[in-house]
Structure formats: structure tokens, C-alpha cells
There are 2 protein chains.
Amino acid sequence: MVTIYDIAKKAKVSPMTVSRVINNSGNIRVATREKVEKAIKELGYIPNEAARSLTSNQTKTLGLILTDITNPFFAKVARGAEAKAMETGYRILLANTDEDFEKEKSYTDMMISARVDGVIMTPTNDESLKHVERLNQHNIPTVLLDRTVEGFEGDCVLGDSYKGSRELVRHLIDYGHKNIALVNGPRNISTSRERERGYVETLKLNDLPIHENYISEFDFRSMEPHAAHSIVEKLMSLDEDKRPTAIFASNNFIAISVIQSLRQMNLRVPEDVSIVCFDEIEPVEYFDPFFTVAAQPATEFGKISLQYLVERLENDGLEQSRKVILPPDIHIRKSTQRIEE
Amino acid sequence: MVTIYDIAKKAKVSPMTVSRVINNSGNIRVATREKVEKAIKELGYIPNEAARSLTSNQTKTLGLILTDITNPFFAKVARGAEAKAMETGYRILLANTDEDFEKEKSYTDMMISARVDGVIMTPTNDESLKHVERLNQHNIPTVLLDRTVEGFEGDCVLGDSYKGSRELVRHLIDYGHKNIALVNGPRNISTSRERERGYVETLKLNDLPIHENYISEFDFRSMEPHAAHSIVEKLMSLDEDKRPTAIFASNNFIAISVIQSLRQMNLRVPEDVSIVCFDEIEPVEYFDPFFTVAAQPATEFGKISLQYLVERLENDGLEQSRKVILPPDIHIRKSTQRIEE
DNA sequence: ACGCTTTCAGTTATCGGTAACATAAAAATA
DNA sequence: TATTTTTATGTTACCGATAACTGAAAGCGT
């Protein structure tokens with residue numbers, strides 16, 4: 001492995017001079033600089049960042065802790081974050097928690113041992129505050145993405161779950177639906193709570209019923225074929241007058257699971273049941289826009305959170321924490337249908 | 001930042017003793033070990049990997065250079081790789097090249113400066129051999145994923161493009177298609193060449209025509225709305241007897257672009273044109289299996305390539321390079337239709 | 001009880017950089 | 001020309017961990 005000492009010897013200068021050339025610091029005579037640059041090129045020298053970070057106390061590496069990059073929403077987030085990282089000279093360490101609190105814990109430790117400069121995290125649940133605090137103890141600032149956590153004080157980039165939820169339910173009501181069920185994510189996740197709030201308030205505002213069993217919690221983690229089956233079965237076996245004509249699935253994965261279950265019960269979408277959800281179901285939307293969704297600007301989520309993180313790192317004047325709430329776009333498509341009175 | 005020296009002071013031992021406790025090396029009295037462990041817990045100490053890597057000469061970090069994690073195929077690859085990395089105690093540095101050779105170059109340098117122990121890479125084209133060699137010069141072994149490159153000697157994990165291609169075309173022929181076009185990826189990518197080879201051979205074997213314009217190159221990079229438009233337009237404006245009744249799109253992204261163009265021309269799939277392609281178009285397949293595809297085991301691609309890489313790192317006895325070719329699964333679905341003679 | 005081996009813990013030097021200080025050479029000033 | 005200032009480069013020490021060596025204490029056999 002070629003080091004700064006090899007360059008120094010070859011160029012007949014001290015290692016420090018080489019360091020100065022590399023970092024463009026201090027004063028260097030043109031002739032010296034050229035000698036050194038020649039040696040660097042000839043030996044194909046690339047600085048050892050591990051050694052650098054030992055003195056500089058920064059690694060130029062950021063942690064990206066997502067729940068599952070297989071979800072197109074998070075894939076786009078990662079893409080946005082990575083692009084911005086490249087632009088600002090940072091590297092990205094990737095981690096998938098699978099909504100598992102324990103995995104999140106070990107990845108948190110991994111990020112600490114890797115001495116990342118900062119972390120972007122989609123917390124698995126409200127308990128995740130522990131992990132954020134652990135990172136803070138080690139002077140690693142954290143930006144929360146998509147979900148926030150009770151008691152969290154730092155920067156976060158969120159979607160407007162409440163508003164999107166209201167608009168989706170509003171749309172269903174406009175289409176004449178009265179029995180609307182919510183298949184929600186776990187309630188210990190902020191987005192689930194916000195979406196439920198929007199759902200409940202909009203129904204109440206329109207004097208519509210929220211029968212028991214209308215709201216159910218679906219575990220994001222179970223991506224098994226029939227995850228939503230028991231939930232959907234229960235909904236669809238309600239008495240005729242209570243049986244939902246529309247289902248609000250809290251996110252894209254849940255929507256897919258719900259539609260699978262409906263298929264299995266020989267129920268058609270939208271003829272028998274209308275469906276809405278948060279987040280696009282890509283790449284279908286490109287060629288066969290089907291789902292009525294509250295689309296969130298996923299790439300922006302990634303870019304902005306990385307931007308915030310970098311600004312906090314390079315700008316210690318930043319005291320105030322910042323919170324952005326990005327509004328979703330409602331796309332009305334074929335998964336929802338008007339029903340007659 | 002709490003270091004090994006802080007622990008040493010607190011436990012009233014030397015730093016070396018602390019190091020021994022952490023690494024479980026050498027002989028330590030039980031009482032001493034407990035003292036040290038207590039101090040570690042109390043101060044929440046986590047070793048600085050940057051410092052470690054300086055002596056050990058390994059970072060326990062691997063580079064994953066993909067073209068675009070937004071493609072579900074690569075998202076799954078990343079997932080598989082990451083899972084295996086976690087299992088074997090490695091971290092993953094993520095990079096997206098966007099099929100851009102220059103980006104690949106800078107990411108290669110990034111990986112070298114980060115002193116990753118190894119790299120998994122989907123090369124952008126045949127020139128990428130340069131980058132692999134550059135990595136090799138710095139003693140960083142590389143596993144190629146999905147695509148190989150002329151002159152490459154190391155490990156690689158590929159799909160069976162040739163066989164999959166033959167089976168897809170075979171299927172179209174079985175369904176009565178005689179005019180079959182190929183919208184291929186760039187020919188400086190191994191998978192494109194292999195798929196074209198399978199396509200051409202199968203047509204020839206069945207005495208079917210390959211008219212001019214039947215084979216076109218589509219640039220993966222242009223994910224713009226109408227990327228395939230001119231290609232599809234040209235195909236569809238051929239004389240009646242030459243106009244293709246089926247299109248073989250080289251991969252999922254191309255298929256989406258093609259189907260978009262067809263839509264725009266008011267042509268239906270599969271009624272007017274049948275379509276087949278490589279790789280699933282997830283997550284649609286879960287709830288509305290539409291595309292007839294050669295599905296590749298993406299997660300396995302990731303897992304196996306990481307496995308290979310780690311084995312090479314930890315097992316310097318490995319001289320021979322290894323090459324796996326994973327066969328695709330053909331799923332016949334609704335994007336293809338029988339046509340009468 | 002004496003010498004010899006084994007166990008346990010500490011010292012020193014090093015990995016590859018850079019900050020901080022030191023010094024030599026060149027330029028500016030008196 | 002002598003003196004000060006500026007510019008260019010070198011030296012030393014240190015970041016946090018560990019390998020290699022050294023030394024002290026404990027175990028062990030006769």
C-alpha cells in the first residue's frame with residue numbers, strides 16, 4: 001500500500017509537504033508542488049481516509065438507516081440521499097432495519113463504531129428515541145426521516161400524513177363512500193397515528209360511522225403472502241350495512257397485501273371495494289396508473305435530510321432544530337370508484 | 001469521545017489490557033476482565049474502527065457499486081448483500097453509478113480512499129475493467145455482479161441471459177409469433193450481448209426473419225418518459241408483413257418504457273403486441289401478475305456475491321476464481337398472447 | 001525452599017496521516 | 001548592508017488502537 005511517506009521519499013520532500021500539497025494548505029513553491037504531484041500520479045497514491053479521520057475526527061461518512069430499501073419509497077429516499085452525499089463529498093453506509101427494533105440497535109452501534117459523522121434514520125417506533133440519544137451521546141447528530149418520535153428535539157423531514165389522510169378520505173367521501181375502513185400500520189409509529197387522526201377526524205366531520213373493527217393494525221414486517229388476510233376477511237364479513245365499500249391502506253405495502261387478500265376472496269377493485277393508500281406503487285404507475293394514492297416526494301425526503309445533516313455538521317452555528325413537512329400529491333386513479341347512493 | 005485510555009484509567013489498568021479484554025486475546029484474570037467490562041459499560045465505550053483499521057489494515061467495510069438502486073432488481077440485490085454483510089460482520093458502502101462510466105470511476109476512487117476490504121460491482125460497460133484493475137492494484141478484490149467484462153479474471157455472479165433469452169423467444173414462437181423485435185440494452189454490456197445471442201440463435205433455429213430495425217439499442221440511462229418512443233414508433237411503422245407482433249425488451253426498465261410508448265400509440269398489450277422481458281416488475285407481480293418475464297433471483301445475486309467476496313477475504317488459500325451462473329425462472333403471464341396463423 | 005514454567009499485565013513502537021511548532025531561505029524594509 | 005518579515009519546508013508529537021516485547025507474579029515439581 002502506497003503511503004504519504006512513499007510519495008515523500010520519491011519526491012525528496014517531507015511527508016508534511018506532501019500533506020500540504022494534497023490538502024492545498026500552507027504555502028508551497030510551484031516546483032515542489034509539481035514534484036509531489038508527479039510522484040502521486042506515478043505511484044497512484046490515494047490518501048488513507050482511516051488515518052485522516054484519526055486526526056481530523058471526522059470520517060466523511062454518513063449512516064442511512066432505513067427500514068427496507070426494497071420498498072420503492074425508501075429506494076428513492078436512498079437515491080436522493082446518495083446523490084446529495086456525492087455532491088457534498090460524503091459517503092453513505094447503508095442499513096436496513098426491517099422494522100426490527102433490535103436490528104436498529106445493532107446498526108446504531110455499528111454507526112458509532114464506524115464513527116460516522118451523522119445519521120439519517122427512519123425510526124422503527126417511538127422507543128427509537130433511545131438509539132437517537134445513544135448517537136447523540138457520541139456526538140453524532142441524527143435527522144429523522146418520514147417518521148418522528150416522541151420527545152425528539154432534532155431535525156426531521158416528514159410527510160404531511162395528517163393532511164394527506166384527510167384528502168384521501170375526503171376523496172372517498174366525495175365518491176359516495178360511507179363505510180370506510182382503515183388498515184393502519186402499528187400505532188407506535190408517528191405516521192400511523194397521524195394518518196389515523198386524519199381519518200377519524202374526516203369521518204367525524206362528515207358524520208360517518210367508525211364501526212368497531214374498522215381500524216386495524218397491520219404489521220409492516222410481515223410481507224408474507226397473506227399478511228392482511230385475517231384483517232380483510234374480518235372486514236368483509238361484517239353485516240351488509242356495515243361492510244366497508246372502501247379501504248384506506250396506510251401505505252403501499254399494506255395496500256398490496258390488502259388487494260391480494262381481496263383477490264383471494266374474489267372481490268374486485270374498484271368494482272367491489274375501492275382502495276387508497278400512501279406512497280406510489282412503482283414502477284407500475286409509469287405504465288398503468290392504477291392506485292389512487294397520496295404520493296410523497298421520496299427523492300426529496302432523501303435529499304433534504306442529507307442537506308440538513310451536512311449543514312448541521314459544517315455549520316456549528318446551527319442551534320435551532322429544523323422540521324420540514326412535505327405535502328403529498330393526491331393522484332386519483334383507477335382503484336377508487338363512485339358508488340351510487 | 002471516550003477512548004480505550006479512558007477505560008484504562010477508570011479500571012486502573014493499561015490500555016493494552018483493555019484491548020485484550022475487548023478482543024478476547026491473551027490471558028486475563030477474571031477479576032481484571034470484570035473491572036474492565038464494568039468500566040466499558042459505564043462509559044458506554046465503543047471501539048474506534050478507524051484506529052483499528054490503521055493497524056489491522058482492514059476496515060470491515062465493503063463497497064457495493066450498483067447502477068441504480070431504484071430498480072427493484074438492484075434493490076433486492078442490495079438487500080441480499082446487506083443481510084449477508086450483517087451476518088458476517090461487514091458494513092456496506094453504497095454507490096449508484098447511473099450507468100455512467102465517469103461516476104463509476106469516482107466511486108472506484110472513493111472505495112479506495114475508504115480502504116474498503118472488497119467491492120461488489122455491476123460494471124457500466126466493458127471499459128470498467130480499468131476500474132477493476134485499479135481496485136486490484138490497491139489489493140481490493142472485486143466480485144462482478146449481473147454483468148461481466150471482457151478480460152476479467154476474478155469472481156462473478158451472473159444470470160443466465162443466454163438461456164433465459166432463448167426461453168423467452170421460444171415462448172413467443174410457441175404462441176405463434178413470427179415477427180419478434182428486440183429492444184436491447186447497449187451492446188457494450190455483457191448481458192445485452194448474451195440476450196441478443198439467445199434471441200438471434202432462437203430465431204434462426206426456427207427459420208424466422210430478423211428484419212432490419214428489429215434489433216435496437218436502448219440506453220438504460222434515459223429513464224425519461226418517452227425514452228423508447230422513437231424505437232417503438234419505427235418498429236410499428238414497418239410494413240404490415242414485417243411489423244412485429246411481439247417485442248422482447250431486454251430488461252424491466254426497457255419493458256416499462258416500451259409499454260408506455262405503445263400506450264401512447266393506442267396499442268394494447270397483449271392484444272396488439274405481446275411483450276416479454278428480463279427481471280420482475282415489482283411489486284406489481286404480487287397483486288396483478290401481468291408481465292411475462294425471465295425472473296432472476298436478485299436477492300441471491302446479492303447474497304452469493306457477498307459470500308464469495310468474504311470467502312476470498314478471509315481465506316487467502318482461494319486461488320481459483322469462481323463464476324456462478326444463476327438460471328432465471330420463466331413466468332408466463334398476461335403480457336403475451338397466442339396469435340392465430 | 002529453590003528454580004523453572006506459565007499466567008497476567010505493562011511498555012514501547014507503529015499504523016498513515018496532520019496540527020503545532022521550529023527553522024531555513026527569500027523578500028521586504030530600513 | 002543589517003534587520004525584519006514573509007514564505008517554504010522540516011520536526012515532533014499525537015489521533016486510538018494493537019503487535020511485539022518485557023517484566024512481575026503465580027503455579028509447580030522435586
Side-chain angles (χ1 to χ4, degrees), chain A residues 1-40 43-61 109-110 112-117 138-140, chain B residues 1-40 43-61 89 109 112-117 138-140:
Chain A
M1 197 95 312
V2 37
T3 74
I4 207 167
Y5 297 91
D6 301 320
I7 305 300
K9 192 180 287 177
K10 177 140 197 168
K12 296 195 180 107
V13 295
S14 76
M16 199 56 225
T17 303
V18 179
S19 172
R20 281 192 266 255
V21 169
I22 294 166
N23 296 289
N24 239 301
S25 60
N27 295 312
I28 302 281
R29 218 184 312 160
V30 179
T32 313
R33 150 163 287 124
E34 281 169 355
K35 262 196 306 184
V36 172
E37 280 169 349
K38 186 156 161 274
I40 288 178
L43 297 185
Y45 167 75
I46 294 184
N48 183 332
E49 289 294 336
R52 269 187 172 167
S53 72
L54 209 53
T55 44
S56 71
N57 226 21
Q58 53 167 339
T59 54
K60 285 282 177 183
T61 303
D109 283 358
M110 185 189 100
I112 295 171
S113 71
R115 294 295 191 271
V116 296
D117 297 336
H138 291 263
N139 286 314
I140 301 175
Chain B
M1 195 98 313
V2 37
T3 74
I4 207 167
Y5 297 92
D6 301 321
I7 305 299
K9 193 181 286 178
K10 177 138 195 169
K12 296 194 179 107
V13 295
S14 77
M16 198 55 225
T17 302
V18 178
S19 172
R20 281 192 266 254
V21 169
I22 294 166
N23 296 290
N24 239 300
S25 61
N27 295 313
I28 302 282
R29 222 185 306 162
V30 180
T32 312
R33 152 162 285 124
E34 281 169 355
K35 261 196 306 184
V36 172
E37 280 169 349
K38 186 156 161 275
I40 288 177
L43 298 185
Y45 167 74
I46 294 183
N48 183 332
E49 290 293 337
R52 269 187 172 167
S53 72
L54 208 53
T55 45
S56 72
N57 226 21
Q58 54 168 337
T59 54
K60 284 284 177 182
T61 303
D109 283 359
I112 295 171
S113 73
R115 294 294 191 273
V116 295
D117 297 335
H138 290 263
N139 286 313
I140 301 175

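Just so we're on the same page: letters track the sequence lines, and every chain starts at 1.
Proximity of residues 22-31 of chain B to DNA chain D (heavy atom under 4.0 angstrom from any strand atom) is restricted to N23(B). Of the residues in residues 9-21 of chain A, those with a non-hydrogen atom less than 4.0 angstrom from any atom of DNA chain D are V13(A), S14(A), M16(A), T17(A), R20(A).
Sequence neighbours left out, the pairs with a member in residues 43-52 of chain B that pass salt bridge (charged side-chain N to carboxylate O under 4.0 Å, His left out) are E49(B)-R52(B). Counting only residues at least two apart or on different chains, no salt bridge (charged side-chain N to carboxylate O under 4.0 Å, His left out) pair has a member in residues 18-32 of chain A.
Panel note: side chain T61(B), backbone V116(B); no donor-acceptor pair is recorded below 3.5 Å. Proximity of a side-chain donor or acceptor of S19(A) to a complementary backbone N or O of T17(A) within less than 3.5 Å is not detected.
At the heavy-atom level, T32(A) lies under 4.0 Å from the strands shown only through sugar-phosphate atoms.
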Under 3.5 Å, side-chain donor or acceptor atoms of residues 1-8 of chain A against the rest of the protein: list the pairs with distances, not counting sequence neighbours.
unit_1, atom_1, unit_2, atom_2, d
T3(A), OG1, Y5(A), N, 3.1
D6(A), OD2, T3(A), N, 2.7

Next on the checklist: Evaluate Q58(B) against K60(B) for side chain to side chain contact (heavy atoms under 4.5 Å, CB included), listing each step before the verdict.
Outcome noted: CA-CA 6 Å; Q58(B) 54 168 337; K60(B) 284 284 177 182; 4.1 Å; yes
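Here the shortest heavy-atom pairing between A114(A) and T59(A) reads O-CG2, 3.8 Å. Heavy atoms only, all atoms of each residue included: R115(A) and P47(B) are closest at NH1-O, 3.5 Å.
To the nearest angstrom, P of dT11(D) lies 15 Å from CD1 of I4(A). Per the geometry, CD belonging to Q58(B) stands 11 Å off P belonging to dA19(D), to the nearest Å. With rounding to whole Å, I46(B) atom CD1 is found 15 Å from dA17(D) atom C1'. Counting to the nearest Å, the C1' atom of dG16(D) and the CE atom of M1(B) are 12 Å from each other. One atom, CD of E49(B), and another, C1' of dG16(D), lie 11 Å apart when rounded to the nearest Å. As a whole-Å value, the separation of R52(B) CZ from dC15(D) P is 19 Å. The distance between atom CG of D6(B) and atom C1' of dC15(D), rounded to the nearest whole Å, is 13 Å.
With sequence neighbours excluded, no residue forms a side-chain hydrogen bond (donor to acceptor under 3.5 Å, both in side chains) with N57(B). Qualifying side chain to side chain contact (heavy atoms under 4.5 Å, CB included) partners for E34(A), counting only residues two or more places apart in sequence or in other chains: V30(A). Not a single side-chain hydrogen bond (donor to acceptor under 3.5 Å, both in side chains) links T55(B) to another residue, sequence neighbours left out. Residues satisfying the side chain to side chain contact (heavy atoms under 4.5 Å, CB included) test with L54(A), not counting sequence neighbours, are N48(B), A51(B), L54(B). Shown here are the side-chain hydrogen bond (donor to acceptor under 3.5 Å, both in side chains) partners of S56(A), two or more places apart in sequence or in another chain: there are none.
Axis orientation changes by 40° from one end of the helix from dA1(C)-dT30(D) to dA30(C)-dT1(D) to the other, with each end axis drawn from 5 pairs and the value rounded to 10°.
Along DNA chain C, read 5' to 3', the first and last nucleotides having any atom under 4.0 Å from a heavy atom of chain A are dG16(C) to dA20(C).
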